[in-house]
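Heads up: the structure comes next, in structure tokens.
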Amino acid sequence: MTGAARYIDARKNVFLSSGANISKVTDVVAGADYTAANVSGSIARTTNAFGTGVPGITFTPQGRLTSAWLALDQGTSVFWVSKHAATGSPPAYAGNVPLTVMGDSTGSVDHNAGFDGGQLAYSQYTGAWTQFRRGSGLNDGQARLVGWTHTKYGTGGPGSSELRAWVGTTQQGATLVDATTTYQDAGNGFDSIGMSYQTNDAAFDGTLGCFVVINGIISPADHALLAAWARQSWSTV
């Protein structure tokens, strides 16, 4: 897939500390280590999570995988395969989403992505935090490829960034485009998977199969290939 900056796969480069407890996961694209932080045993490798012989990375609300901060200065395409049944809790920090998948541990990143119960959730900072929601019924325990694309510049040029939510290749709701979606060149990026800023707040509670980030916008052809691969590899619905 063209332009992938990070690719985490529960079937590859998963290192265990004891039993099924994960100590780190190494990104397949760049070799970046994502180290388990917070409570020991809060991130585990789950056998057969997505079918016979297909494992997952299961997070509890105390766990996070963290690496060096990655700038996403050309736009963001973030997709992941996951399954969850949790609803999450209202975050204490305004920039967090209730069930964070793509997050930040530094307090200096301008967007986060994950779920709010059965909805896809995204937050963006443009002088103040704005929360966005799309989709419904996604916390039914079914495996899905989901994600967001956020253009640096939309069709109207600077200041017209376009935010879209996806389940597979199906866009969820209308494109979001106004002042609150304006892309922040210096601040959009991430360093964590499974939890965001403030370690007692807004963690994922579910199982991750894979996680892919592109610095830019995924092409329609690559998006279709990604969805087909997810169906074949993770039995997504």
_Can you confirm whether the side chains of D178 and T180 place a donor and an acceptor under 3.5 Å from each other?_
yes
*asked:* Determine whether a donor-acceptor pair (N or O, by modelled atom type, separation under 3.5 Å) exists between the side chain of N112 and the backbone of V97.
replied: no
*Going from NZ on K24 to OG1 on T26, what distance comes out if it is rounded to the nearest 0.5 angstrom?*
4.5 Å
*Would a distance-only check, ignoring hydrogens and angles, find a side-chain to backbone donor-acceptor pair under 3.5 Å from T66 to T35?*
no
*Between atom NE2 of H223 and atom CD1 of I218, what is the distance when rounded to the nearest 0.5 Å?*
6.0 Å
*Closest approach of Q119 and G135, non-hydrogen atoms and distance?*
CG-O, 3.1 Å
_For H111, the option from Y197, Y122, F132 that meets ring-ring contact (aromatic ring centres under 6.0 Å, His included)_ = Y122
*Keeping the roles fixed (side chain from R45, backbone from F15), state whether a donor-acceptor pair exists under 3.5 Å.*
no
*asked:* Under 3.5 Å, is there a donor on one side chain and an acceptor on the other for Q131 and R133?
replied: yes
_Whether the side chain of H150 engages the backbone of V78 through a donor-acceptor N/O pair (distance < 3.5 Å, no angle test) should be reported._
no
*Would you find a donor on one side and an acceptor on the other, under 3.5 Å apart, between the side chain of K83 and the backbone of F50?*
no
*Going from OG on S23 to CG on L16, what distance comes out if it is rounded to the nearest 0.5 angstrom?*
7.0 Å
_T149-S77 side chain donor-acceptor pair, cut-off 3.5 Å_ = no
*asked:* When you compare the side chains of S196 and T100, does any donor N or O come within less than 3.5 Å of an acceptor on the partner?
replied: no
*asked:* Check whether S42 reaches the backbone of T60 with its side chain - one donor and one acceptor, N or O, closer than 3.5 Å.
replied: no
*With F115 via ring-ring contact (aromatic ring centres under 6.0 Å, His included) - residues at least two apart*: W80, H84
*asked:* Treating T236 as the side-chain partner and L145 as the backbone partner, does any N or O pair qualify as donor plus acceptor under 3.5 Å?
replied: no
*Using atom types as modelled and distance alone, determine if a side-chain donor or acceptor of D27 lies under 3.5 Å from a backbone N or O of Y7.*
yes
*Is the side chain of S161 donor-acceptor paired with the backbone N or O of T151 at a distance under 3.5 Å, no angle test?*
yes
_I'd like to know whether V237 forms a side chain to side chain contact (heavy atoms under 4.5 Å, CB included) with R144, so could you lay out the CA-CA distance, the side-chain angles of the two residues, the decisive distance to 0.1 Å, and finally the verdict._
CA-CA 6 Å; V237 296; R144 290 182 175 87; 3.6 Å; yes
*Does a side chain donor of either W148 or T76 reach within less than 3.5 Å of an acceptor in the other side chain?*
no
*Co-membership, hydrophobic cluster, residues F79 and I217, 4.5 Å side-chain*: no
*asked:* Is there a continuous path of hydrophobic side-chain contacts, each under 4.5 Å between heavy atoms, that joins I214 to V29?
replied: yes
*asked:* Measuring from atom CD of Q184 to atom CG of D73, what distance do you get when rounded to the nearest 0.5 angstrom?
replied: 13.0 Å
*So, for A227 and T169, which heavy atoms are closest and what is the spacing to 0.1 Å?*
CB-CG2, 3.7 Å
*Side-chain (N215) to main-chain (A5) donor-acceptor, under 3.5 angstrom*: no
_Once rounded to the nearest 0.5 Å, what's the spacing between atom CD1 of I43 and atom OH of Y34?_
13.0 Å
*Partner residues of F211 under the ring-ring contact (aromatic ring centres under 6.0 Å, His included) criterion, sequence neighbours left out*: F190
*Can you tell me how far the CD1 atom of I57 sits from the CD1 atom of I193, to the nearest 0.5 Å?*
7.5 Å
*Out of curiosity, does L163 fall in the hydrophobic cluster containing L138 (side-chain heavy atoms, cut-off under 4.5 Å, transitive links)?*
yes
